[in-house]
Every structure is written in structure tokens, then in C-alpha cells.
Amino acid sequence: MTEQHTSSPGGEPYDLMGVGIGPFNLSLAALSDGVPGLRTLFLDRRPAFSWHPGLLMEGTVLQVPFLADLVTMADPTSRWSYLNYLREHGRLFPFFFSERFHIPRREYDHYLRWAAENLPSCRFDAEVTALEWDADAGVFAVTHRSADGTASRVTARRVVLGVGTSPVLPGPLRELAASGGHTGRVLHSADYRTHRAALAGLDDVTVIGAGQSGAEVLLDLLRRQDGEGRGGPYVRWLARTPAFAPMEYSKIGLEHFTPDYIHYFRALPEAGRERLVREQWQLYKGVSGDTLGEIHDELYERTIGGGRPRADLHPGTELTAVRPTGDGGYVLTCRHTEQGTEFEVRTSAVVAATGYAAQRPAFLDTLDKLVDWDDRGRYRVDGTYRVALDESVTGTLYVQNAELHTHGVGAPDLTLGAWRSAVILNSVAGRTVLSVPQRAAWTTFGAPAAAAGATTETADPLP
């Protein structure tokens with residue numbers, strides 16, 4: 001293994017280094033591209049960019065409008081906009097005639113790959129193995145390694161973590177998956193496309209999770225049944241939520257994804273924030289109304305002529321245990337949360353569309369004692385997305401999509417991605433590189449400032 005010591009082209013530490021290249025750090029790379037005097041580098045361990053490849057089924061669409069691309073909500077003049085991507089690929093007229101506001105998910109992935117492959121600050125095949133604070137030099141030292149074993153060390157004054165989230169399996173399934181021997185039969189929806197054909201050939205498949213991913217997997221499996229509903233697997237949909245409910249998509253409801261709501265949420269007591277995140281599941285865990293409609297249409301077709309769908313839908317149901325059977329299947333023990341009753345179902349495979357959680361990467365171990373973790377081992381994050389560090393650290397550490405507990409439901413949503421990147425960029429530059437709105441909603445979250453007897457950061461008039 002060889003080792004290299006590198007820095008920015010000018011020989012100085014980078015002004016900003018990003019670890020992880022997903023949509024959010026890619027947004028920051030795009031918005032910082034060409035900013036005078038700003039030296040940036042973004043690293044990712046993968047050989048090339050990919051975005052949720054296991055869920056890129058034909059016909060699926062992005063749940064946010066195309067304007068929530070990498071840059072438009074902060075800088076619509078940027079060359080890295082989705083519209084410019086279309087122009088570069090000769091697709092502006094077809095897009096115009098399609099009259100789409102919500103674009104195909106596969107095209108969004110292709111757009112992101114186009115940006116990642118062309119942004120000069122993005123470097124793949126660079127797995128970060130250590131992040132340390134060099135007190136003598138006053139910089140972060142980042143060690144990364146390529147697939148061939150070559151290790152490099154780079155330095156930066158500021159680092160932004162955009163390592164993404166990891167798939168989460170329910171406890172009983174996690175234990176089973178960890179034991180080995182269940183690949184392709186017990187899986188997270190993140191791997192669905194990889195095992196899609198094999199699952200379609202089974203007798204019975206159970207999908208767990210009432211969000212968009214679960215709905216799309218269920219719909220795809222329903223469509224694998226033949227026209228009479230006899231061929232293909234019997235499909236079952238289980239979810240803890242009391243209903244298979246649509247995503248909140250009203251115009252006023254969507255104002256929860258504005259800077260205004262972030263400012264309001266951040267000022268609440270921690271207990272209030274924790275409660276709100278649990279209660280607001282329909283803001284970020286619901287299902288597109290169109291997808292629910294398509295599922296209903298598929299089931300309706302199966303009843304023509306007195307038939308019965310080869311499908312069961314069970315909301316309000318929690319998975320409590322799983323045991324393998326001798327024939328390669330599984331028995332799921334379930335509990336209906338409202339009735340308090342238990343029941344069992346037999347299935348050939350389980351696809352868990354049970355979401356993702358922020359991860360704490362191993363390379364942070366070298367910085368662990370300098371991070372001011374909260375009581376639950378999470379980052380303390382301020383209004384400019386800076387992580388609270390020991391006062392001896394003069395550099396700055398930022399995070400993206402790891403602040404649901406401090407900033408609310410907009411943290412994982414693409415709508416606020418460019419806005420958040422612009423806030424970070426302005427903080428890094430120490431000046432206003434991009435003007436960002438502090439007030440963007442008609443809704444006043446919380447008591448009016450005058451009634452509260454003080455002004456707040458959300459009290460500016462709408463533009």
C-alpha cells in the first residue's frame with residue numbers, strides 16, 4: 001500500500017471538504033462550483049455515483065417537483081440545474097410537451113450522475129478512513145483510500161458530512177438477516193430491484209412498511225400477477241401506522257418544508273421536537289395519492305366477475321417475531337396494535353420498506369471526543385448546520401441530513417436541499433454568496449411575534 005499527501009491545487013488546505021456524495025453534498029458541490037477563491041473537494045467511497053438503485057423501477061416518479069433539483073431553489077441561473085441537464089441532453093422539447101412537474105425517478109438519478117461526473121470537485125473511489133483535528137496546523141486531516149489500496153491524506157479548514165442514511169430493518173428481521181442464509185428472502189426495499197425477478201417467482205411475498213417505498217414494491221408485485229390475479233406471488237402489506245395514508249401534499253401543508261418551519265422547530269424544547277417528529281409521519285412517510293390510487297385500481301381489476309385479489313392489506317400491525325420454516329419460508333408473528341391481538345402468517349419472503357436512519361461513520365471515531373454529542377449520541381446542530389465541537393477546535397464541521405431531531409421533517413426532504421447547501425456555503429465563505437430567504441411561508445408557526453412580546457428570525461415580511 002502506498003501513501004500520498006495531497007492538498008488543494010494551490011498547496012493550501014481546502015476551504016471545504018465534503019465526505020459522501022449524495023444529492024445533498026452534490027448540491028453543495030454544484031453551488032460552490034466557480035465561487036472565486038473557494039477551494040473545495042468532495043469524496044465518496046463508491047466507484048461512481050448512484051442514487052437508490054434498488055428502487056429505480058420503471059414508472060416511479062420523484063415525490064417533489066423537478067425544481068427541487070441540486071441548485072434551482074437557491075440559484076436558478078446555475079449551469080447545474082435540471083433544465084440545463086435537459087438542454088445538454090437534447091430533451092427540453094420532449095420535457096416541455098410531457099408537461100411533467102414530477103419527473104421519472106430514473107431520470108433524476110441520471111441527472112445526478114451527470115452532475116457528479118462533470119463537477120471537477122467530486123472524486124469517487126475515495127473511502128475516508130479517518131478524520132482528525134490537527135491542532136498544530138489548525139486544520140482537519142482526512143485520510144482516504146482507493147480500491148487499489150493507495151492511501152492519501154488531505155487537509156481542510158472545514159468539513160461537511162453528507163454520508164447519507166442506512167437501511168433499517170425491524171428487530172426480528174435484523175437478527176435473521178445477520179444470521180446469514182436468507183439473502184434474497186429477507187431484505188430491505190433498498191435491495192428490491194436486485195431480487196425483483198426472483199421474488200416475482202415465489203408463492204407469497206410480504207411487504208412491511210406504509211411509506212412510498214413499500215407502496216411501490218407492493219404495486220410492482222401486484223403487476224407481476226397475471227391478468228386474472230392467479231400467477232405471480234400472493235402479496236401482503238403490513239404496517240404499524242393506523243392507515244395506509246397519503247402523503248400530506250396540500251399547498252399550505254407543504255409549508256412545513258420552508259425555512260420558516262425550521263426556525264420555529266429549532267426553538268422548541270427537545271421533548272416537543274421529539275413528539276412532533278413522531279406525530280408528523282404523514283409529512284415524510286406517507287404515500288403518494290396517485291400510487292395509492294394505482295394500487296386500488298389493480299385490486300379492483302381482480303374483483304371483476306366475482307374474483308378476489310390475491311392480496312391482503314393490514315394496517316395497524318406490528319411484526320413481533322419471525323421464525324424460518326423447514327421449506328425455506330417464514331412464519332411471521334404479528335400484533336394488531338389497536339385490538340391487542342396476535343396472529344401469524346406464512347410467507348416465502350419479506351421485503352422491509354422500513355426506512356433509513358442517520359449513520360455515525362467509523363471514521364469519526366478519531367474525532368469522537370471532540371464532538372459535543374447530545375444525550376442520545378446525536379449531533380448538536382446550529383442554524384447554519386454546524387456541529388458543536390470542543391472549543392479547542394477552530395475548524396468547522398457541518399452535517400447534511402443528520403439533523404431531523406434539531407431541524408424537523410425537512411431534513412431528509414429534497415425540497416430544502418439547495419437552500420440548506422446555500423446556508424452552509426454562505427457560512428463557509430463568511431459572506432453572502434447566495435441570498436437565501438428566511439421567510440417563505442404564509443403560515444405563522446407559533447405565536448405571532450408581537451403577541452409574544454419579541455421579534456423572531458421568522459418575522460421578516462414575505463418578499
Can the ring centres of Tyr111 and Tyr85 be said to be less than 6.0 Å apart? yes

Donor-acceptor pair, Ser435 side chain versus Thr432 backbone, under 3.5 Å? no

Would you call Arg46 and Asp44 a salt bridge, using N to O less than 4.0 angstrom? yes

Phe265 ring center near His256 ring center (under 6.0 Å): no

Stepwise side-chain contact (heavy atoms from CB on, under 4.5 Å) check, Glu318 with Leu238: CA-CA 8 Å; Glu318 181 180 11; Leu238 309 178; over 6 Å; no

Min side-chain heavy-atom separation Leu370-Leu367 under 4.5 Å: yes

Please step through side-chain contact (heavy atoms from CB on, under 4.5 Å) for the pair Phe140 and Val393, ending with a clear verdict. CA-CA 9 Å; Phe140 290 102; Val393 180; 4.1 Å; yes

Measure the shortest side-chain to side-chain distance between Phe124 and Leu43 over non-hydrogen atoms and say whether it is less than 4.5 angstrom. no

Is a side-chain donor or acceptor of Glu127 paired with a backbone partner of His144 at a separation under 3.5 angstrom? no

Distance in Å, Asp220 CG paired with Arg193 CZ, rounded so as to fall on 0.5 Å steps: 10.0 Å

Does either side chain, that of Glu248 or that of Ser250, offer a donor lying less than 3.5 Å from an acceptor on the other one? yes

Heavy atoms of Phe363 and Val19 approach each other most closely as CZ-CG1, 3.5 Å

With sequence neighbours excluded, tell me which residues meet side-chain contact (heavy atoms from CB on, under 4.5 Å) with Asp125. Ser146, Ala147

Between Thr354 (side chain) and Val168 (backbone), is there a donor-acceptor pair under 3.5 Å? yes

Give, for atom CG of Leu86 and atom CH2 of Trp114, the distance between the pair rounded to the nearest 0.5 Å. 9.0 Å

Using atom types as modelled and distance alone, determine if a side-chain donor or acceptor of Glu255 lies under 3.5 Å from a backbone N or O of Thr443. yes

With the side chain counted from C-beta on, respond yes when Leu161 and Tyr398 share a heavy-atom pair under 4.5 Å apart, and no when they do not. no

Would a distance-only check, ignoring hydrogens and angles, find a side-chain to backbone donor-acceptor pair under 3.5 Å from Thr72 to Asp69? no

side-chain contact (heavy atoms from CB on, under 4.5 Å) involving Arg223 - partner list, sequence neighbours excluded: Leu219, Glu294, Glu298

Can we say Arg113 and Asp109 salt-bridge, meaning some charged N sits less than 4.0 Å from an Asp/Glu carboxylate O? yes

Distance-minimising heavy-atom pair for Cys122 and Ala29: SG-CB, 4.1 Å

Return the minimal non-hydrogen interatomic distance between Ala177 and Leu169, and the atom names on each side. CB-CD1, 3.9 Å

Note, Trp419 side chain near Met73 side chain (heavy atom, < 4.5 Å): no

Within a strict 4.5 Å, meaning less than it, do heavy atoms of the Ser179 and Glu175 side chains meet? no

Quick one: closest heavy-atom pair of Tyr249 and Val64, and the distance? OH-CA, 4.5 Å

Residues, nucleotides or ligands: over 12 heavy atoms within 6.0 Å of Glu279 CD: yes

Approximate separation, where rounding is to 0.5 Å, of Met247 CE and Leu254 CG: 9.5 Å

Which side-chain N or O atoms in residues 280-287 pair as donor and acceptor under 3.5 Å with protein atoms at least two apart or in another chain?
| from | atom 1 | to | atom 2 | distance (Å) |
| --- | --- | --- | --- | --- |
| Gln280 | NE2 | Tyr261 | OH | 2.8 |
| Gln282 | NE2 | Pro246 | O | 2.8 |
| Tyr284 | OH | Val277 | O | 3.0 |

The reported gap from OG in Ser166 to NE2 in His188 (rounded to nearest 0.5 angstrom) is 9.5 Å

Do Val160 and Thr396 have side-chain heavy atoms sitting under 4.5 Å apart? no

Just list the side-chain donor-acceptor pairs under 3.5 Å for residues 48-59, sequence neighbours left out, or say none.
| from | atom 1 | to | atom 2 | distance (Å) |
| --- | --- | --- | --- | --- |
| Glu58 | OE1 | Arg196 | NH1 | 3.2 |
| Glu58 | OE1 | Arg196 | NH2 | 3.2 |

Checking Ser81 side chain against Asn84 main chain: does a donor-acceptor pair fall under 3.5 Å? yes

Does any non-hydrogen side-chain atom of Leu62 lie less than 4.5 Å from one of Leu414? yes

Taking every heavy atom of Arg158 against every heavy atom of Asp15, the minimum-distance pair comes out as NH1-O, 3.1 Å

Expected list for residues 205-213: side-chain donor-acceptor pairs under 3.5 angstrom, two or more places apart:
| from | atom 1 | to | atom 2 | distance (Å) |
| --- | --- | --- | --- | --- |
| Thr206 | OG1 | Arg236 | NH1 | 2.6 |
| Thr206 | OG1 | Thr347 | OG1 | 3.0 |
| Gln212 | OE1 | Gln63 | NE2 | 3.3 |
| Gln212 | OE1 | Ser288 | N | 2.7 |
| Gln212 | NE2 | Glu216 | OE2 | 2.8 |
| Gln212 | NE2 | Thr291 | OG1 | 3.0 |

Please determine whether a side-chain nitrogen of the Lys or Arg among Arg153 and Asp134 lies less than 4.0 Å from a carboxylate oxygen of the Asp or Glu. yes

Measuring from Phe244:CZ to Leu292:CG, what's the distance to the nearest 0.5 Å? 9.5 Å

Any carboxylate oxygen within less than 4.0 angstrom of a Lys/Arg side-chain nitrogen, looking at Glu274 and Arg278? no

Test log, rule side-chain contact (heavy atoms from CB on, under 4.5 Å), inputs Ser121 and Tyr14: CA-CA 11 Å; Ser121 61; Tyr14 286 97; over 6 Å; no

Enumerate the residue pairs fulfilling salt bridge (charged side-chain N to carboxylate O under 4.0 Å, His left out) with a member in residues 18-37, sequence neighbours excluded, ordered by first and then second residue. none

Ion pair check, Glu270 and Arg378, cut-off under 4.0 Å: yes

Pair Tyr379 + His405: ring centers closer than 6.0 Å: no

Is the NZ or CZ atom of Arg100 positioned over Phe66's six-membered ring, under 6.0 angstrom from the centre and within 45° of the axis? no

Salt bridge between Arg380 and Glu403, side-chain N to carboxylate O under 4.0 Å? no

Within the supplied structure, the quantity of interest is the number of heavy atoms (other residues, nucleotides, ligands) at a distance under 6.0 Å from Met17 CE; does it exceed 12? yes

Taking atom CG of Leu92 and atom CZ of Arg87, what is their separation to the nearest 0.5 Å? 8.0 Å

Between Phe95 and Tyr82, is the ring centroid distance below 6.0 Å? yes

Asp368 and Trp373, any side-chain heavy atoms less than 4.5 Å apart: yes

Test log, rule side-chain contact (heavy atoms from CB on, under 4.5 Å), inputs Arg386 and Leu397: CA-CA 6 Å; Arg386 295 180 300 181; Leu397 184 67; over 6 Å; no

Heavy-atom pair of closest approach, residues Pro437 and Pro259: O-CG, 3.5 Å

Checking ring-ring contact (aromatic ring centres under 6.0 Å, His included) for the pair His407/Tyr385: CA distance, chi angles, key distance, verdict? CA-CA 9 Å; His407 287 62; Tyr385 299 93; 4.6 Å; yes

CZ of Arg45: more than 12 outside heavy atoms within 6.0 angstrom? no

